[in-house]
Number of protein chains: 2
Amino acid sequence: MAASARRYKDEVFEQFARIGKAVGSPRRLELLDLLCQGPRTVEVLADRAGLSLANASQHLQVLRAARLVEAEKSGPFVTYRLADGVEGFYLGLRRLAEERLAEVHAASRAFLEERGAMESVDATELLQRAVAGGVTVLDVRPPEEYRAGHLPGARSVPLSELRARLREIPRDRDVVAYCRGPYCVLAVEAVRLLREEGFAAHRLESGPPEWRRAGVVLESGR
Amino acid sequence: MAASARRYKDEVFEQFARIGKAVGSPRRLELLDLLCQGPRTVEVLADRAGLSLANASQHLQVLRAARLVEAEKSGPFVTYRLADGVEGFYLGLRRLAEERLAEVHAASRAFLEERGAMESVDATELLQRAVAGGVTVLDVRPPEEYRAGHLPGARSVPLSELRARLREIPRDRDVVAYCRGPYCVLAVEAVRLLREEGFAAHRLESGPPEWRRAGVVLESGR
DNA sequence: CCAGCAATCAAGCGAGTTCTTGAATACCAG
DNA sequence: CTGGTATTCAAGAACTCGCTTGATTGCTGG
């Protein structure tokens, strides 16, 4: 009976470790991060994460074996989505890493300083100003992510189109750009470009996953 | 600049993965589970987890490198303790595993059924009854864990001493035994023994980490 | 039925992880 | 300073993981 108790304990911790192993790879964490924006096909995920198709597929299968994502096949496409409770767990992991690993802060600071001071903006304050009409809010993610959920009042201007669409943006008031969240670089690039062009631009550090988590109701579609 | 953005992203996810890698091993999860009971020396942890000393030391160093635990040397002893925020993260990981991995439930059920139905007891209800004096509450963990924090009103009767101390336990009322938490087998064994001896014994599934997390103020010392 | 695309499978290599064993270090008591 | 104890270090064998490449499956439109 002591032996069967030991087997039970081993089995249980072995199961817990499945989750840990699954999030023990930077690639898989990046895929989870992307999936926080909404469901995606393998091809899109591979492209965004900079992985080969076969490699991305394999990582996604590891995540699926750990039940962190679910796959649904429709036609020739397979769409992956986060399983329930996983977004919260991922954000918890990230917060722990930010709190405990000095290296995360150091990397962020180094990167952001390299492209000029980039003071960020508070989301709730921004929402008030946006409603009052005093500021232009840009969602610079790819269009399908905008469609899956965005800040009310934000306009979709993907980073790739920003330079060509500068004339759409009013010059007489502040511009705030956001993207997927604190570790996505799209908004950083957008703000750099906007400033070069003379706009009063700021970056909103948080993104849809954080807002959803905080209870903000997002707009979708269009 | 696209290249430096990619390097930044890689670096950040690499750092997040340090946490994941650290909790990707069943042994290390067991060590974390034990450390949720309070700080311990290497030797005690190795013994409780059934690891060789060198192996336990190595695992603890991995956890320390990921900043999940902190080590303090006093005399010839090294005492490890959980870092801030890690208990919450561990309980979150465990809850996710319970929710998403059918295997965890299956293993628990199989184990518990093997030793007879073992209906469990609610902690808040128990506290009321304990205060009212209608039930005997036993803490069957090793004494030093009892000292580090226990349920108010509970008596320390380590499982190893239980058989010899049966006469201390009143036979005219219910007995509730608890240990480290849902995946610790001490209370299960205690209840089995008590029932064999004719006591009306029940297991309290949760343990000090869960209660602390829920805001219950624990007693310590003695 | 065939061409073409999305996704997966299979095999293989290099790199990393886990556990063991035996030696080394650090501290304390006498 | 010496012996004993707590812990860590070092190195090797077995195993697992991650990525690549090329073949394969499965669906769809012509």
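Values below: all heavy atoms of this structure, side chains included; hydrogens, waters and symmetry mates excluded.
- One finds a side-chain N or O of B:Asn55 lying less than 4.0 angstrom from the OP1 or OP2 phosphate oxygen of C:dT20.
- Put simply, the side chain of A:Arg40 never gets that close to the backbone of A:Val44: no donor and acceptor are under 3.5 Å apart.
- A side-chain donor-acceptor contact under 3.5 Å links A:Tyr146 to the backbone of A:Ala154.
- Of all the heavy atoms in B:Cys184 and B:Arg203, the pair that sits closest is O-NH2, 3.7 Å.
- In this structure, the side chains of A:Leu35 and A:Val86 stay at 4.5 Å or more apart for every pair of heavy atoms.
- An end-to-end axis angle of 30° holds for the helix from C:dC1-D:dG30 to C:dG30-D:dC1, taken from five base pairs per end and rounded to 10°.
- Aromatic ring orientation, B:Tyr178 versus B:Trp211: perpendicular (interplanar angle above 60°, classes split at 30° and 60°).
- Contacts of B:Arg81 classified as salt bridge (Lys or Arg N to Asp or Glu O under 4.0 Å), with partners at least two apart in sequence or in another chain: B:Glu72.
- Formation of a donor-acceptor pair under 3.5 Å by the A:Lys21 side chain with backbone atoms of B:Gly24 is found in this model.
- Across residues 27-38 of chain B, B:Arg27, B:Arg28 each have a non-hydrogen atom less than 4.0 Å from an atom of DNA chain C (numbered order).
- When the C1' atom of D:dC17 is taken as reference, atom CZ of A:Arg18 falls 17 Å away, rounded to whole Å.
- The NZ atom of A:Lys21 sits 16 Å away from the P atom of D:dC15 (whole-angstrom rounding).
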Self-check item: side-chain contact (heavy atoms from CB on, under 4.5 Å) assessment of B:Leu34 paired with B:Arg180
Solution: CA-CA 8 Å; B:Leu34 288 167; B:Arg180 298 182 183 123; 3.8 Å; yes
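- Of the possible polar contacts, one joining the B:Arg18 side chain to the B:Ala65 backbone as a donor-acceptor pair under 3.5 Å is found.
- Residues of residues 9-16 of chain A having a heavy atom closer than 4.0 Å to DNA chain C: none are found.
- Counting only distance, with no hydrogens or angles, the side chain of B:Glu210 and the backbone of B:Gly207 share a donor-acceptor pair below 3.5 Å.
- Ring centers of A:Tyr183 and B:Phe13: at least 6.0 Å apart, outside the cut-off.
- Applying the side-chain hydrogen bond (donor to acceptor under 3.5 Å, both in side chains) test to residues at least two apart or on different chains, the pairs with a partner in residues 49-63 of chain B are B:Arg28-B:His59, B:Asn55-B:His59, B:Ser57-B:Gln61.
- For the pair A:His59 and D:dC19, the criterion of a side-chain N or O lying under 4.0 Å from OP1 or OP2 is met.
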Write out a two-atom table: protein N or O, nucleotide N or O from nucleotides 6-12 of chain C, distance below 3.5 Å.
unit_1: C:dA6; atom_1: OP1; unit_2: A:Glu43; atom_2: OE1; d: 3.4
unit_1: C:dA6; atom_1: OP1; unit_2: A:Glu43; atom_2: OE2; d: 3.4
unit_1: C:dA7; atom_1: OP1; unit_2: A:Val78; atom_2: N; d: 3.1
unit_1: C:dA7; atom_1: OP1; unit_2: A:Val78; atom_2: O; d: 3.3
unit_1: C:dA7; atom_1: OP2; unit_2: A:Glu43; atom_2: N; d: 2.9
unit_1: C:dT8; atom_1: OP1; unit_2: A:Tyr80; atom_2: OH; d: 2.9
unit_1: C:dT8; atom_1: OP2; unit_2: A:Ser57; atom_2: OG; d: 2.4
unit_1: C:dT8; atom_1: O5'; unit_2: A:Ser57; atom_2: OG; d: 3.3
unit_1: C:dC9; atom_1: OP2; unit_2: A:Gln61; atom_2: OE1; d: 2.4

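- Between A:Glu87 and A:Leu91 the shortest side-chain heavy-atom distance falls below 4.5 Å.
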